[in-house]
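Only heavy atoms go into these numbers, but all of them, side chains included; no hydrogens, no water, no symmetry mates. Just so we're clear, the structure is a prediction, and the values are computed from it rather than from any experiment. Each residue takes its place number in the sequence, starting with 1.
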Amino acid sequence: MESIVLKHGMIYDGTGERPFYGDVWIAGDRIKKVGECLDAEEVSRVIELNGLAVTPGFIDMHRHCDKSPLEVLKRQRTDDKDLQQNAGNDYGTVLLRQGITTVVTGHCGISMYPLPKNQEILRQMWDYYAPVLGKLEPFSSVTSYAKYRQQLCSCRLPVNTGAVLGMGAVRIAVKGFSPEPLTGEERKQCQEIVSEALKQGALGVSIGLMYLPECYGTAKELGEILQPLKHHHGIVTAHIRGEGDSLVKSVEEVIEIGRLAGCRVEISHFKSCGVKNWNREIYHAIERIEEARREGMNISCDFYPYDCGSTTLMSMIPPAFTAGDIPRALQQLSTKEGQEMLREMLKLSYSDWDNYAISLGWDKVILSSAECSENQEKIGKSVAEIAKEFGYYDEVEAVSHILTSEHGTAAAIIQSMYPSDIDAVARLPYASLISDAIYAETDRPHPRMYGAFPRMIADFVKKRKVLSLEEAIKKMTSLPASRMGIVDRGRIWEGYFADINVFDPDKFQDRATYTQPVQYAENLAYCFVNGRLAVREDQVVDDGSGAVI
């Protein structure tokens, strides 16, 4: 068992308390001792830090890398030696170069499992989820949380990995994309799937009320289905129904779901979208959250440190147009009549759906992922630019053509937020940092995939001084650990797992931008995962030290 002392570091223990100067003794996969002038006689190695910051490994409690570890495993098992040699290097490197040592997948109601038995519905599910999770067809053997966990245990994991169960996938497995309410028997089936996953180790359940088919559900329905969370001390993470005009109403809805289910609630990527809502609605929504907290509800939120979001281009189409039948909706979009119907529907505001065509405008919706050769030149351009440059009648015709040619699988970056609103959320003592990185098949991802965590330090702490470093570290370590029920991680405490980062806070920073997103973070001196050195001076030296949590 290797024993290492990190000597003379400035220790930020993850609790938000002031840092202190001292040493950290790592023995095997745990922290043996924290203090000053630790006896080094029994250790095999001493690393002199000269005052560098020592922090817990960062925990990304909301990342859509569900299939990535399994993709690595599949490549490693191939006969292609080149694939074997390169398998998984980038997936692990992206995480470890940021100091991320733990991730949680399965958010926004979207997970790889369970799978519907109807093959046509299964194909629709894979296409609908592709802009978030990437291509899922090669992983059709993953039909339940138990099988997902089993396959994770077979993987060489670069970081610790846990998962929540996507309620959208549960509903698709039971009822497809139907807009009809769940029957009593169907609610029971959903609840049984949830209960089984929690028994097998799922950390909670995610809901995505913005997405099909969950947008057809109700608080009462979900409050009943999610009852097992209370008994298993699980959490519901919520992509709320609307983040624009209906933000406050949507926050009230998930508060009601939490009350009915009797469980903890996490509002995912909490933000206010739409120009007219900026610098206003986020404060009303915060009031609702804090009122619920004063009443004893265990509710928190998280955010990512960017003013642009990323989602499916299909989410720009009103649920009333889709009506639970994606193939039919895409067929309609291929016709002049269908496009005219969409054009008229996008002139309206909806109480239960964010119409970004009105609240933001097509100039703020940027195509970020597409597979067809005819659409490659459009990537990186706004829908308004695409309509003008490629000779479409208008933005509706442009979006319709992209979606039909891509079978609904295109993704977009949405310029939707106001910086001071993001800062207001960041300052909340109960707000954790996330990346919300999506894994569409693209070489132009949102920069949050490569840079969210060092950006928190470089921008929010060092450049703009929105937070102190100890506050920021807490939001990336102990706070997300406690929210997700992850034990013995997120703190530099004796007995905790030795997930540890070492860096100079003045130099550690992100490099990824919207125009050049595929750039690794820089100046991470050391990163340990379960006591094993994973990164040394920006070089990944071990991408297989992670565990299933």
**Item:** Ionic contact status for K67 with E441, cut-off 4.0 Å
**Value:** yes
Given side chain to side chain donor-acceptor pair (under 3.5 Å), test Q151 with S141 step by step and report yes or no. CA-CA 10 Å; Q151 291 206 24; S141 63; 3.0 Å; yes
Notebook entry, point to check: Are more than 12 heavy atoms from other residues, nucleotides or ligands located less than 6.0 Å from atom NE2 of H232?
Noted result: yes
Check your understanding: Does the distance from a Lys or Arg side-chain N to an Asp or Glu carboxylate O, for R241 and E214, drop under 4.0 Å?
Key -> no
Closest heavy-atom pair, I289 versus V251, reported as atoms and distance to 0.1 Å, is CG1-CG1, 3.9 Å
Mind running side-chain contact (heavy atoms from CB on, under 4.5 Å) on C108 and H64 for me, showing each step along the way? CA-CA 9 Å; C108 300; H64 294 282; 3.7 Å; yes
Item to complete: I would like to know whether D245 and S349 meet side chain to side chain donor-acceptor pair (under 3.5 Å); could you show each step before the answer?
Response: CA-CA 9 Å; D245 296 348; S349 295; 4.6 Å; no
- Return yes if some donor-acceptor pair links the side-chain N/O of S405 with the main-chain N/O of H401 below 3.5 Å, else return no. yes
Q | Pairwise side-chain contact, V205 with I225, heavy-atom cut-off 4.5 Å (strictly under) | A | no
Determine whether M314 and L403 make a side-chain contact, defined as any pair of heavy atoms from C-beta on separated by less than 4.5 Å. yes
Hey, does the side chain of E406 reach the backbone of E371 with a donor-acceptor pair shorter than 3.5 angstrom?
yes
Discussion item. Within the structure provided, determine whether N501 and F453 are in side-chain contact (heavy-atom separation under 4.5 Å).
Written reply: no
Nearest heavy-atom approach of S111 to G106 is CB-CA, 4.2 Å
For this session: Ignoring hydrogens and angles, tell me if any N or O in the side chain of Y128 forms a donor-acceptor pair with the backbone of Y211 under 3.5 Å.
Result: no
Checklist entry - Would you say N160's side chain and T101's backbone share a donor-acceptor pair under 3.5 angstrom? => result yes
Within a strict 4.5 Å, meaning less than it, do heavy atoms of the R171 and S178 side chains meet? no
Taking every heavy atom of H446 against every heavy atom of C308, the minimum-distance pair comes out as NE2-O, 2.7 Å
Subject >> Donor-acceptor contact below 3.5 Å, side chain S368 vs main chain A411 >> reply: yes
Considering residues, nucleotides and ligands other than K475, do more than 12 of their heavy atoms fall under 6.0 Å from its NZ?
yes
Subject >> H233 and H231 aromatic centres sub-6.0 Å >> reply: no
- Task: Check whether any side-chain N or O of R187 sits under 3.5 Å from a backbone N or O of L182 as a donor-acceptor pair, and report yes or no.
- Result: yes
Can you tell me how the ring of Y148 sits relative to the ring of Y145, calling it parallel under 30°, perpendicular over 60° and tilted otherwise? tilted
- Are there more than 12 heavy atoms of other residues, nucleotides or ligands under 6.0 Å from atom NZ of K230? yes
Of all heavy-atom pairs linking E281 and S272, the shortest is CB-OG, 3.8 Å
| query | Which word best sums up how the rings of Y520 and Y450 line up, parallel for under 30°, tilted for 30 to 60°, or perpendicular for over 60°? | reply | tilted
Would you mind reporting whether M316 and T311 have side-chain heavy atoms less than 4.5 Å apart? no
Basic-acidic side-chain contact under 4.0 Å: K271, D421: no
### Task
With R448 as the cation and Y306 as the aromatic partner, state whether NZ or CZ is under 6.0 Å from the six-membered ring centre and within 45° of the axis.
no
Inset, instruction - Please report the C-alpha distance between F270 and I286 in whole Å, then the side-chain angles of each, then the deciding distance to 0.1 Å, and finally whether the side-chain contact (heavy atoms from CB on, under 4.5 Å) criterion is met. - result: CA-CA 10 Å; F270 183 43; I286 290 170; 3.7 Å; yes
What do you reckon, is OH of Y496 surrounded by more than 12 foreign heavy atoms closer than 6.0 Å? yes
When T477, T102, N530 are each screened for side chain to side chain donor-acceptor pair (under 3.5 Å) with R489, the one that passes is N530
In short, I438 meets P131 closest at the heavy-atom pair CD1-O, 3.3 Å
### Task
Decide ring pair (Phe, Tyr, Trp, His ring centres under 6.0 Å) for H239 and H107; before the verdict, give the C-alpha distance in whole Å, the side-chain angles of both, and the deciding distance to 0.1 Å.
CA-CA 8 Å; H239 184 142; H107 290 282; over 10 Å; no
Side-chain H-bond candidate by donor/acceptor type, Q119 with R123, under 3.5 Å
no
Can a donor-acceptor pair be found, under 3.5 Å and without considering hydrogens, that links the side chain of D354 to the backbone of G244?
yes
Just by distance, do the side chain of Q98 and the backbone of A452 share a donor-acceptor pair under 3.5 Å?
yes
D352 vs Y216 side-chain heavy atoms within contact, under 4.5 Å
no
Query raised in the report: When you measure from the side chain of R483 to the backbone N and O of V265, does any donor-acceptor pair fall under 3.5 Å?
Result: yes
Might you work through the side-chain contact (heavy atoms from CB on, under 4.5 Å) test for L70 and C155, ending with a clear yes or no?
CA-CA 7 Å; L70 312 187; C155 294; 3.8 Å; yes
Just so I know, are the side chains of M484 and I549 near enough to count as touching, which here means a heavy-atom distance under 4.5 Å?
no
Is the backbone N or O of S435 less than 3.5 Å from a side-chain atom of D60, with the two atoms forming a donor-acceptor pair by type?
yes
Practice prompt. Carefully, step by step, assess V174 and I193 under the rule side-chain contact (heavy atoms from CB on, under 4.5 Å).
Written response: CA-CA 10 Å; V174 171; I193 294 170; 4.0 Å; yes
- Message: Could you tell me if the side chain of P447 sits less than 4.5 Å from the side chain of D510, heavy atoms only?
- Response: no
